[in-house]
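To start, the structure itself, in structure tokens.
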Amino acid sequence: MITLKSRAPQPRYAFIGLHGALLEATSLLPLGDVLAEAGDGILLDLGGHGSALDEALNGLAYDPESLGREICSRPAVSAWLALLPEDLPLVVLGHSLGALVAIWLALFAPLPRRIMHVILLDPPLVLDLSVPGQGELLFDLGLNLGAQALAASQGPPTAEQRRAYGCLLYTSDAADEEDS
């Protein structure tokens with residue numbers, strides 16, 4: 001794990017960087033340096049890569065969920081997250097395989113903080129949907145991004161739009177009654 005401190009007096013965000021397949025955390029140092037202009041961050045080696053190479057010997061699978069769960073279980077990551085101020089937005093940057101893990105983290109991770117932004121660099125455009133979880137991951141991402149785009153362009157979605165996207169974006173049944 002490489003820790004980067006913000007060069008700003010008050011960090012505006014915190015970030016986690018995840019590298020691509022067959023690379024390691026040091027491959028993200030140029031981007032990490034740019035992000036550290038205004039935020040605190042960590043660059044992580046995915047399981048089976050770099051300093052986390054031993055994880056491959058323990059039977060770690062190379063799918064986004066397995067890699068994401070392994071990251072969430074690391075005591076060093078939990079400790080770093082615990083030190084962050086509560087109101088500091090968390091950003092995850094992922095390159096290639098790391099982009100798929102970043103998507104999984106944003107949608108499903110049992111992290112003590114909510115990820116506010118995801119930066120995807122060269123996410124794989126062709127996926128083997130026979131690999132367990134990849135189809136569901138893309139479906140969930142599509143629903144999430146579709147709902148966000150709708151909200152940004154047209155204001156809060158109506159009950160009909162929420163049902164069409166399959167998302168539960170409201171907090172009470174009163175919103176449905178108002179839309180009917």
Side-chain angles (χ1 to χ4, degrees), residues 1-4 6 11 13-36 39-84 88-149 166-167:
M1 181 167 95
I2 300 170
T3 304
L4 301 168
S6 174
Y13 51 82
F15 64 92
I16 296 173
L18 305 171
H19 61 80
L22 306 176
L23 297 172
E24 56 185 44
T26 56
S27 68
L28 293 175
L29 277 172
L31 289 171
D33 194 45
V34 170
L35 290 172
D40 291 335
I42 55 175
L43 305 177
L44 299 174
D45 282 318
L46 295 176
H49 297 78
S51 63
L53 191 58
D54 291 343
E55 294 301 323
L57 303 176
N58 294 326
L60 178 68
Y62 287 107
D63 62 278
E65 180 178 359
S66 297
L67 292 168
R69 287 192 184 282
E70 189 273 325
I71 287 168
C72 293
S73 70
R74 293 183 192 177
V77 172
S78 297
W80 180 78
L81 289 169
L83 294 174
L84 298 175
L88 200 60
L90 182 59
V91 177
V92 177
L93 165 89
H95 169 248
S96 188
L97 174 61
L100 294 178
V101 177
I103 293 168
W104 185 88
L105 289 173
L107 294 174
F108 307 112
L111 291 173
R113 298 182 63 87
R114 183 169 174 259
I115 295 170
M116 301 297 292
H117 304 284
V118 178
I119 302 170
L120 305 176
L121 303 171
D122 296 327
L125 298 177
V126 178
L127 299 174
D128 180 357
L129 296 181
S130 67
V131 174
Q134 287 197 10
E136 293 86 353
L137 185 70
L138 291 178
F139 180 76
D140 290 339
L141 177 64
L143 287 179
N144 195 319
L145 292 177
Q148 288 179 28
C167 297

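Index from 1, following the sequence.
To the nearest 0.5 Å, the span separating CG on L31 from NE2 on H95 amounts to 9.0 Å. In this structure, CG in L18 is found 11.0 Å from CD1 in I103, a value given to the nearest 0.5 Å. Of the inter-residue distances, the one linking L23 atom CG with L28 atom CG reads 8.0 Å to the nearest 0.5 angstrom. Rounded to the nearest 0.5 angstrom, E70 CD and L44 CG are separated by 9.0 Å. Note that OH of Y13 is 15.0 Å distant from CE of M116, once rounded to the nearest 0.5 Å. Separating the CG atom in L88 from the CG atom in L83 is a distance of 12.0 Å, to the nearest 0.5 Å.
Of all non-hydrogen atoms in A106 and V118, the two that sit nearest each other are CB-CG2, 3.4 Å. The minimum heavy-atom distance linking L105 with C72 is given by the pair CD2-SG, 3.7 Å. Of all heavy-atom pairs spanning L120 and A99, the tightest one is CD2-O, 3.5 Å. Contact record, A14 with W80: CB-CH2, 3.8 Å, taken as the closest heavy-atom pair.
Counting heavy atoms of neighbouring residues, nucleotides and ligands inside a 6.0 Å radius, atom CG of L22 does not exceed 12 of them.
The residue from V92, L4, L90, I115 that alone fulfils the side chain to side chain contact (heavy atoms under 4.5 Å, CB included) condition with F15 is L4.
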*asked:* Set out, in order, the CA-CA distance, both residues' side-chain angles and the distance that settles side chain to side chain contact (heavy atoms under 4.5 Å, CB included) for W104 and R69, then state yes or no.
replied: CA-CA 9 Å; W104 185 88; R69 287 192 184 282; 3.5 Å; yes
*Evaluate the criterion side chain to side chain contact (heavy atoms under 4.5 Å, CB included) for residue pair S27 and L43; output intermediate values, then yes/no.*
CA-CA 9 Å; S27 68; L43 305 177; over 6 Å; no
*Test log, rule side chain to side chain contact (heavy atoms under 4.5 Å, CB included), inputs I16 and I71*: CA-CA 11 Å; I16 296 173; I71 287 168; 5.7 Å; no
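The main-chain N or O of L46 is found under 3.5 Å from a side-chain atom of H19 such that the two form a donor-acceptor pair. Using modelled atom types, one side-chain atom of D40 and one backbone atom of S6 make a donor-acceptor pair closer than 3.5 Å.
Under the side-chain hydrogen bond (donor to acceptor under 3.5 Å, both in side chains) criterion, S73 pairs with no residue, sequence neighbours left out. The side-chain contact (heavy atoms from CB on, under 4.5 Å) check on I119 picks up V91, L93, L121, with sequence neighbours excluded. Looking at residues two or more places apart in sequence or on another chain, you find no side-chain contact (heavy atoms from CB on, under 4.5 Å) involving S78.
Taking the side chain as every heavy atom from C-beta outward, L29 and D33 never approach each other to under 4.5 Å.
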